[in-house]
Amino acid sequence: MSEFFTPQMTLLILMSAVATYVTRIGGYLLISRLNAMPPRLEAALNAVPAAVLTTLVAPAFFAGGTDVKLAMTAALLVGLRLSAIPMLIIGWIVVLAARYFIG
């Protein structure tokens, strides 16, 4: 048996799946019972994607080197004008160029 497929790991994966399902279905059931969504709740739910993105990007920006900071800054500037695919491509190009030329 592999070290990744121990009974404890299998139990952890199953418990994580159940916890994820319960939180997602719980939120759906809670919102589906509301006749009209309060404006504050709608504003809070609209802010969730930006908050999640910030929690993913900020640690990488501050822990990364100059190459990562340049690539993220370039991707941000491109992302303000273009869609996600050009933003990713420009980010990759900048990080590769920075790693090649800066080191």
Side-chain angles (χ1 to χ4, degrees):
M1 185 179 276
S2 172
E3 63 188 49
F4 294 111
F5 294 110
T6 62
Q8 293 86 1
M9 185 61 71
T10 304
L11 182 62
L12 177 66
I13 292 170
L14 290 174
M15 289 174 59
S16 299
V18 168
T20 301
Y21 178 76
V22 167
T23 56
R24 288 180 180 221
I25 197 70
Y28 172 76
L29 291 174
L30 179 67
I31 289 177
S32 67
R33 293 187 186 271
L34 296 174
N35 292 336
M37 190 178 303
R40 284 188 160 192
L41 178 60
E42 186 173 355
L45 290 175
N46 287 335
V48 168
V52 170
L53 184 62
T54 302
T55 61
L56 295 174
V57 171
F61 183 83
F62 290 109
T66 305
D67 56 340
V68 173
K69 288 177 175 58
L70 287 172
M72 286 188 168
T73 303
L76 171 69
L77 294 174
V78 170
L80 293 173
R81 294 283 183 194
L82 302 175
S83 65
I85 298 298
M87 179 182 68
L88 290 172
I89 292 171
I90 295 298
W92 285 339
I93 290 171
V94 170
V95 79
L96 289 174
R99 287 179 182 173
Y100 182 79
F101 292 112
I102 297 173

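Computed from a predicted structure; not experimentally measured.
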For residues 67-93, run the donor-acceptor check on the side chains, cut-off 3.5 Å, and write out each pair with its distance to 0.1 Å, sequence neighbours left out.
{"unit_1": "Asp67", "atom_1": "OD2", "unit_2": "Arg99", "atom_2": "NE", "d": "2.5"}
{"unit_1": "Lys69", "atom_1": "NZ", "unit_2": "Phe61", "atom_2": "O", "d": "2.9"}
{"unit_1": "Lys69", "atom_1": "NZ", "unit_2": "Gly64", "atom_2": "O", "d": "2.8"}
{"unit_1": "Thr73", "atom_1": "OG1", "unit_2": "Lys69", "atom_2": "O", "d": "2.7"}

Side-chain atoms of residues 8-29: list all donor-acceptor pairs with protein atoms under 3.5 Å, sequence neighbours left out, distances to 0.1 Å.
{"unit_1": "Thr10", "atom_1": "OG1", "unit_2": "Thr6", "atom_2": "O", "d": "3.1"}
{"unit_1": "Ser16", "atom_1": "OG", "unit_2": "Leu12", "atom_2": "O", "d": "2.9"}
{"unit_1": "Thr20", "atom_1": "OG1", "unit_2": "Ser16", "atom_2": "O", "d": "2.9"}
{"unit_1": "Thr23", "atom_1": "OG1", "unit_2": "Ala19", "atom_2": "O", "d": "3.1"}
{"unit_1": "Thr23", "atom_1": "OG1", "unit_2": "Thr20", "atom_2": "O", "d": "2.9"}

Donor-acceptor contacts, no H, no angles, side chain residues 35-59, under 3.5 Å, sequence neighbours left out:
{"unit_1": "Asn46", "atom_1": "ND2", "unit_2": "Glu42", "atom_2": "O", "d": "3.2"}
{"unit_1": "Thr54", "atom_1": "OG1", "unit_2": "Ala50", "atom_2": "O", "d": "2.7"}
{"unit_1": "Thr55", "atom_1": "OG1", "unit_2": "Val52", "atom_2": "O", "d": "2.7"}

